[in-house]
Amino acid sequence: MPIHNPDIADIFDALADYLEIEDENPFKIRAYRNAARLVRGLGPELADMIAAGESPTDLPGIGKDLAAKIAEILATGTTRALEELKQRIPAGVIDMLRIPGLGPKRASILYRELGVADPAALRAAAEAGRIRSIAGFGAKTEQAILQATAAAVATGKRVGIAQVGPRIETMLNELRRLPGVIRAEAAGSYRRCRETVGDVDLLVAAGAECPVMERFVEFAAAGQVLARGETKSSILLANGLQVDLRLVANSDFGAALQYFTGSKAHNVRIRHIGRRRGLKINEYGVFTLDARIAGETEESVYRALDLPWIPPELREDRGEIDAAAEGRLPGELIEAAHIQGELHAHTDATDGRDTLAAMAAAARKRGLRYLAVTDHSQTLRMVDGLDERRLMEQADEIDRLNEGMKGFTLLKGIEVEILEDGSLDFPDRVLQRLDLVIGSVHSRFQLSREQQTARILRAMDHRCFSILGHPSGRLIGERAPYAVDMAAVIRKAQERGCFLELNANPARLDLTDVHCQMAREAGVLVAIDTDAHSTAEFGQLRYGVNQARRGWLEKKDVLNTRPLATLKKLLKGTMGG
DNA sequence: GCCGTTTTCGGCCCGACTGTTTTCAGTCG
């Protein structure tokens with residue numbers, strides 16, 4: 001069973017969890033957490049890197065000990081250190097750490113004093129009134145544990161960014177309307193445009209008499225107020241989403257925005273750079289021993305470290321700080337306005353909701369210059385996939401519609417099934433009559449990594465193959481990506497001159513940010529596609545653009561920023577001619 | 001456990017809020 005980076009990352013995180021319970025040196029624990037995060041965000045597989053003779057100790061934060069543990073995990077699937085910890089501490093105690101308000105210290109005390117070894121036992125102990133008997137615990141803590149264990153099922157889960165977006169924007173707009181409010185912005189992972197958010201951080205600058213906190217806690221009417229202070233309050237909305245609000249001075253807004261936007265890892269490095277220069281950086285500004293030298297704007301905070309402003313989407317400590325220092329930040333991150341056309345859309349001929357003409361009109365109305373119609377192919381029976389005859393009828397209709405339109409062009413395409421053996425669902429003879437071919441996997445997700453990779457690589461080797469659709473097949477929070485060697489897929493795209501899709505559907509966002517970065521480094525263009533199944537879904541483009549920005553993609557890295565003539569040339573290169 | 005323009009030891013980001021305290025520990029972000 002080959003070991004992949006996420007497996008190694010999980011083991012390092014588990015080690016950190018257990019060491020917290022053991023009250024180990026917090027910096028040692030942080031070293032494991034950092035390593036977990038680093039390995040999880042690593043593009044290439046550690047196993048491949050080591051096989052190629054590279055040493056993990058070249059990675060920042062991996063020293064001799066962690067390198068040895070990586071080798072041990074690759075060889076045995078685990079590490080003795082973790083197995084020994086598991087002998088000493090029941091796994092249920094680790095689960096208790098996930099309960100809000102319970103950290104390692106208290107979980108450990110509860111385990112030692114009451115023998116409580118999992119969340120269910122903890123709840124029973126709270127119900128029996130046994131928690132308050134322990135020194136340092138009181139009735140309120142017991143009550144909090146009861147509430148937390150009751151809510152634990154419903155909360156604590158990250159939700160898709162598209163599900164929280166509208167609610168947050170409404171909240172911000174209401175706060176902005178309050179008399180005395182100067183600014184109100186969302187920070188945190190929401191501002192960094194992550195795929196999912198765990199909670200939302202809002203920042204507000206307001207005059208002294210402004211009733212911000214009073215208004216804010218009213219949003220919790222159907223939920224719960226978790227904390228209510230002078231400068232910070234936390235609420236739980238009825239749907240389980242936690243929202244924190246921080247009231248900051250307008251003169252500190254930039255420092256606060258930088259601080260609370262994170263990521264944590266990015267900020268730790270930023271503050272580290274500051275310390276080396278004798279500067280203290282916190283949410284109130286950048287300070288020398290005796291003066292504040294920055295903080296009004298985010299730009300001023302970065303400038304104090306001789307860095308250019310770094311876009312929030314890049315702040316994940318994945319090389320952006322070094323890139324900023326060396327003037328290598330992406331020059332023109334992709335924006336929605338750069339997108340010239342849509343290359344993946346469905347009509348009511350298969351599982352789309354709207355007609356070809358309606359889809360064309362809607363795309364045109366959004367200012368797009370071209371739209372590729374890519375319905376499903378025959379083997380996908382469930383959605384009435386097109387056979388050759390219906391595909392050619394659709395092509396004829398496209399020709400008719402194109403005649404009547406100026407400044408907008410429909411392209412003939414197909415989202416063709418990649419069959420289990422890697423062949424495509426139509427013969428070359430049929431595919432060659434189209435402008436582009438998107439190949440996608442919609443079946444046999446459970447193939448082994450070797451089989452799945454071979455299947456996809458074989459499909460990409462096909463004479464007519466333009467774009468690999470939703471390359472990992474994942475549905476965020478619902479379906480794991482199928483096992484596939486994405487580094488090999490990217491190499492193949494580079495070799496064949498074909499393209500990878502970044503599916504903008506917020507439930508997919510497939511490619512991931514890390515794989516976008518790898519594609520960019522390999523010089524493989526990415527197509528940001530909405531995969532629209534109705535006219536309204538063209539609006540999901542922004543989620544794809546956000547994801548692409550997280551993957552460092554610039555205008556030049558994205559296929560469908562090209563004007564039609566250039567695009568046609570690029571597509572032709574993938575169609576056997 | 002990692003790291004080094006303070007380099008093989010001694011640091012490692014830092015502040016707010018809560019609860020149970022009577023000056024602070026634990027948790028969170």
Side-chain angles (χ1 to χ4, degrees), chain A residues 12 15-16 19-38 56-70 79 81 96-110 131-145 147-148 156 187-192 197-203 213 225-235 242-248 252 255-256 258-287 301 317:
Chain A
F12 285 161
L15 273 167
L19 293 177
E20 279 195 323
I21 297 282
E22 297 244 301
D23 201 17
E24 255 284 4
N25 175 358
F27 299 105
K28 182 172 170 177
I29 293 163
R30 184 190 294 171
Y32 279 113
R33 297 262 182 238
N34 286 342
R37 196 182 50 77
L38 174 90
T57 53
D58 291 340
L59 298 166
I62 306 289
K64 245 173 89 178
D65 183 275
L66 285 172
K69 287 206 168 63
I70 289 170
T79 163
M96 289 174 18
L97 293 178
R98 311 283 172 253
I99 296 167
L102 262 200
K105 295 283 194 304
R106 309 174 124 217
S108 175
I109 291 170
L110 289 165
I131 306 283
R132 66 180 79 185
S133 63
I134 305 171
F137 290 72
K140 279 208 163 172
T141 304
E142 190 171 272
Q143 199 56 39
I145 287 173
Q147 281 204 344
S189 52
Y190 181 78
R191 180 163 181 247
R192 301 201 312 280
V197 296
D199 58 19
V200 177
D201 301 292
L202 305 182
L203 293 186
M213 289 302 181
V225 178
L226 298 173
R228 161 88 199 254
E230 294 272 305
T231 62
K232 183 197 162 183
S233 294
S234 293
I235 61 174
Q242 183 176 331
V243 185
D244 300 342
L245 183 143
R246 288 178 169 83
L247 192 56
V248 305
D252 302 344
Q258 196 285 327
Y259 186 94
F260 288 111
T261 295
S263 67
K264 192 172 175 175
H266 174 90
N267 283 356
V268 166
R269 282 214 55 202
I270 287 291
R271 289 195 288 272
H272 185 67
I273 292 172
R275 281 181 58 87
R276 282 211 311 252
R277 297 174 174 225
L279 300 173
K280 189 174 78 162
I281 304 172
N282 59 27
E283 61 264 55
Y284 303 109
V286 181
F287 301 86
V301 174
D317 190 24

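Residue numbering restarts at 1 for every chain, and letters A, B, ... go by the order of the sequence lines. Model, not experiment: these values are computed from the prediction.
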For the side chain of A/R30, counting heavy atoms from C-beta on, which of B/dG29, B/dC12, B/dG1 is nearest?
-> B/dC12
Approximate separation, where rounding is to 0.5 Å, of A/R246 CZ and A/M213 CE | 9.0 Å
A/I109 CD1 - B/dT20 P separation (whole Å) = 13 Å
Could you check A/I62 against A/D199 and say which one's nearest nucleotide on DNA chain B is further toward the 5' end?
-> A/I62
Pairwise C1' distance, B/dG11 and B/dT6 [rounded to whole Å] = 10 Å
Touch class at under 4.0 angstrom, heavy-atom based, for A/N267 against every strand present = nothing
For A/R277 and B/dC13, give me the distance from atom CZ to atom P, rounded to whole Å.
-> 17 Å
Write down the distance between CD1 (A/I273) and C1' (B/dC12), rounded to a whole number of angstrom.
-> 15 Å
Looking for any heavy atom pair under 4.0 Å, which part of the strands does A/I270 touch: base, sugar-phosphate only, or nothing?
-> nothing
Should A/Q258 and A/N267 be marked as a side chain to side chain contact (heavy atoms under 4.5 Å, CB included) after you check the CA-CA gap, both sets of side-chain angles, and the distance that decides it?
-> CA-CA 8 Å; A/Q258 196 285 327; A/N267 283 356; 3.0 Å; yes
Opposite nucleotide pairing with B/dT8, Watson-Crick or G-U, both atom distances under 3.5 Å | none
Could you measure between the two P atoms, the one in B/dC17 and the one in B/dT22, and give it in whole Å?
-> 23 Å
B/dG1 base / A/N25 side chain donor-acceptor hit below 3.5 Å = yes
Looking at every strand, decide which applies to A/P104 at a 4.0 Å heavy-atom threshold: base, sugar-phosphate, or nothing.
-> sugar-phosphate
Assign each of A/H272 and A/F260 the nucleotide of DNA chain B bearing its closest heavy atom; nearer the 5' end lies the nucleotide of A/H272
Determine the Euclidean distance between corresponding P atoms of B/dC13 and B/dT20; express it in Å to zero decimal places.
-> 31 Å
Atom pair CG (A/L59) and CG (A/N34), whose distance is rounded to the nearest 0.5 Å = 12.5 Å
If you measure from CG on A/L245 to CG on A/L203, what distance do you get to the nearest 0.5 Å?
-> 7.5 Å
Once you round it to whole Å, what is the distance between P of B/dT6 and CZ of A/R276?
-> 9 Å
Given the C1' atoms of B/dG26 and B/dT21, what is the spacing between them in whole Å?
-> 13 Å
Spacing of A/R106 atom CZ and A/M96 atom CE [to the nearest 0.5 Å] = 11.5 Å
NE2 of A/H266 to CZ of A/R192, rounded to nearest 0.5 Å, is 9.5 Å
Each nucleotide N or O in nucleotides 15-19 of chain B that has a protein N or O under 3.5 Å away: list the pair and distance.
unit_1, atom_1, unit_2, atom_2, d
B/dG15, OP1, A/K280, NZ, 3.4
B/dA16, OP1, A/Y284, OH, 2.6
B/dA16, O3', A/T231, OG1, 3.2
B/dC17, OP1, A/E230, N, 3.4
B/dC17, OP1, A/T231, N, 3.0
B/dC17, OP1, A/T231, OG1, 3.0
B/dC17, OP1, A/K232, N, 2.9
B/dT18, OP1, A/R228, N, 2.9
B/dT18, OP1, A/R228, O, 3.4
B/dG19, O3', A/T141, OG1, 3.2

To the nearest angstrom, how far is A/D58 atom CG from B/dC3 atom P?
-> 10 Å
Figure out the CG/P separation between A/N34 and B/dG11, and round it to whole Å.
-> 20 Å
Starting at atom NZ of A/K264, determine the distance to atom C1' of B/dC28, rounded to an integer number of angstrom.
-> 8 Å
With the side chain defined as heavy atoms from C-beta on, A/R275 is closest, among B/dG26, B/dG1, B/dC12, to B/dC12
In whole angstrom, what separates A/Y32's OH from B/dC3's P?
-> 13 Å
Please step through side chain to side chain contact (heavy atoms under 4.5 Å, CB included) for the pair A/Y32 and A/K69, ending with a clear verdict.
-> CA-CA 11 Å; A/Y32 279 113; A/K69 287 206 168 63; 3.2 Å; yes
Hey, is the main chain of A/I131 close enough, under 3.5 Å, to the side chain of A/E142 for a donor-acceptor pair?
-> yes
Sticking with atom C1', work out how far B/dG4 lies from B/dC14, rounded to a whole angstrom.
-> 23 Å
